[in-house]
Colleague: 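One structure coming up, written as structure tokens, with questions to follow.
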Amino acid sequence: MLVYPSGIDVSSSALRFLTQQLRRHRRTIGSRWRRLSVGRQALLTLAHLRMGHTYAQLAAGFGVGTTTAYRYVTEAVELLAALAPSLAEAVRTAPAKAYLLLDGTLLPIDRIAADRPFSSGKHKKHGMNVQVIADPFGRLLWASPALPGAVHDVPAAREHGIIDALAEADIRCWADKGYRGAGGTVRIPYWGRWETLSAGRQAVNRSHAKIRALLERAVATLKSWRLLRKLRCSTARITSLVQAVLTLHLTSSE
């Protein structure tokens with residue numbers, strides 16, 4: 001395999017943060033010697049998450065075995081995922097915001113047609129449903145654990161406790177029509193065909209759409225980490241990957 005120099009469009013603060021976490025972890029477990037330093041292990045992990053490089057590509061580039069690359073990435077991802085904010089922590093920071101934005105996104109996976117639980121009828125593809133909460137400026141605040149793509153947005157939001165948490169904190173939340181019937185403080189556009197709506201309701205729906213459009217920024221932030229654009233790992237690992245990406249994003253944006 002050919003090896004060439006490349007770059008990663010990630011803030012250096014993310015690299016420093018992950019390096020510190022790995023150094024602390026190695027001290028805790030009493031690790032004496034590794035093929036890669038904590039800085040190189042952090043860089044390897046960022047290359048995997050941001051660029052989506054395979055373990056074979058990472059192993060060739062960093063001069064280690066494929067198994068070692070997998071072990072290093074898994075160790076770092078688990079450390080990052082454990083630091084991701086919970087829904088309760090995200091909601092506690094929300095009262096300073098005028099309102100929140102909520103939507104679900106599908107992370108594509110490599111599954112065959114027989115895997116019905118992972119098939120999304122809306123997107124016509126296999127994937128995992130992840131609920132995303134953003135502030136009024138479209139900045140990513142929280143991402144949920146991943147559920148099979150066949151789960152619709154409202155059941156997913158209820159399973160994660162999002163609707164109850166927002167209602168309890170009395171935080172208004174803007175969402176699309178996919179959250180019809182959610183209740184609580186979730187606000188959706190008026191239902192019905194556009195031509196049948198009154199002028200007032202059309203104006204409300206236009207305003208609602210403009211507000212919700214900012215949520216695309218949060219979803220794009222999540223998927224700017226190329227590994228999440230097409231996941232080829234076990235579905236049991238996807239939640240950890242999403243939480244790891246969330247931690248890195250929040251750390252580098254502080």
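As the structure is a prediction and not an experimental result, all values here were calculated from the model.
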Colleague: Within the distance-only criterion (no hydrogens, no angle test), does the side chain of T239 pair as donor or acceptor with the backbone N or O of P145 below 3.5 angstrom?
Modeller: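 Between the backbone of P145 and the side chain of T239 there is no qualifying donor-acceptor contact (under 3.5 Å).
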Colleague: For A60 and V3, work out which heavy atoms get closest and say how close.
Modeller: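 So the minimum-distance heavy-atom pair works out to O-CG2, 3.6 Å.
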Colleague: Over all heavy atoms of both residues, which pair between I109 and K230 is shortest? Give the atoms and the distance, please.
Modeller: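 Looks like O-NZ, 3.4 Å.
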Colleague: Assess whether atom NE2 of H160 is packed by more than 12 heavy atoms of other residues, nucleotides or ligands within 6.0 Å.
Modeller: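 Counting neighbours around NE2 of H160, more than 12 heavy atoms of other residues, nucleotides or ligands fall under 6.0 Å, so yes.
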Colleague: Examine V73 and L15 and state if one hydrophobic cluster contains both, with Ile, Leu, Val, Met, Phe, Trp and Tyr joined whenever side-chain heavy atoms are less than 4.5 Å apart.
Modeller: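 Yes; L15 is reachable from V73 via cluster members.
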Colleague: Is E89 atom CD crowded by more than 12 heavy atoms from other residues, nucleotides or ligands, each under 6.0 Å away?
Modeller: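 More than 12 within 6.0 Å, yes.
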Colleague: Between K223 and T105, does a side chain to side chain contact (heavy atoms under 4.5 Å, CB included) hold up when you go through it step by step?
Modeller: CA-CA 10 Å; K223 293 187 177 181; T105 186; 3.0 Å; yes
Colleague: Within this structure, what is the SG-OH distance for the pair C233 and Y55, rounded to the nearest 0.5 Å?
Modeller: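 Rounded to the nearest 0.5 Å, the SG-OH separation comes out at 7.0 Å.
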Colleague: Looking at Y99, does the NZ or CZ of R172 lie under 6.0 angstrom from its six-membered ring centre and within 45 degrees of the ring axis?
Modeller: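 Because its charged atom misses either the 6.0 Å distance or the 45° angle limit, R172 does not stack over Y99.
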Colleague: Could you walk me through whether L101 and I211 pass the side chain to side chain contact (heavy atoms under 4.5 Å, CB included) test, one step at a time?
Modeller: CA-CA 8 Å; L101 305 173; I211 293 173; 3.6 Å; yes
Colleague: Above 12 or not: heavy atoms from other molecules or residues under 6.0 Å from NZ of K125?
Modeller: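 Check fails, neighbour count at 12 or below.
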Colleague: Within 45° of the six-membered ring axis of W174 and under 6.0 Å from that ring's centre, is NZ or CZ of R212 located there?
Modeller: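 Not satisfied by the 6.0 Å and 45° rule.
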Colleague: For T221 and R217, indicate whether the former's side chain and the latter's backbone hold a donor-acceptor pair under 3.5 Å.
Modeller: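 Checked: pair present.
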Colleague: Check V132 against A218 and note the closest heavy-atom contact, atom names and distance.
Modeller: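 Answer, listing the atom of V132 first, then A218: CG1-CB, 4.1 Å.
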Colleague: Which heavy atom in T247 sits nearest to a heavy atom in L83, and how many Å separate them?
Modeller: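 Result for this residue pair: OG1-C, 3.7 Å.
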Colleague: Keeping the roles fixed (side chain from N129, backbone from L147), state whether a donor-acceptor pair exists under 3.5 Å.
Modeller: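 Such a contact is absent between N129 side chain and L147 backbone.
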Colleague: Looking only at non-hydrogen atoms, find the nearest pair between R34 and Q41 and report the distance.
Modeller: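 Closest heavy-atom pair between R34 and Q41: NH1-OE1, 3.7 Å.
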Colleague: If every non-hydrogen atom of P85 is compared with every non-hydrogen atom of L250, which pair is closest and at what distance?
Modeller: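 That closest heavy-atom pairing would be CG-CD1, 3.5 Å.
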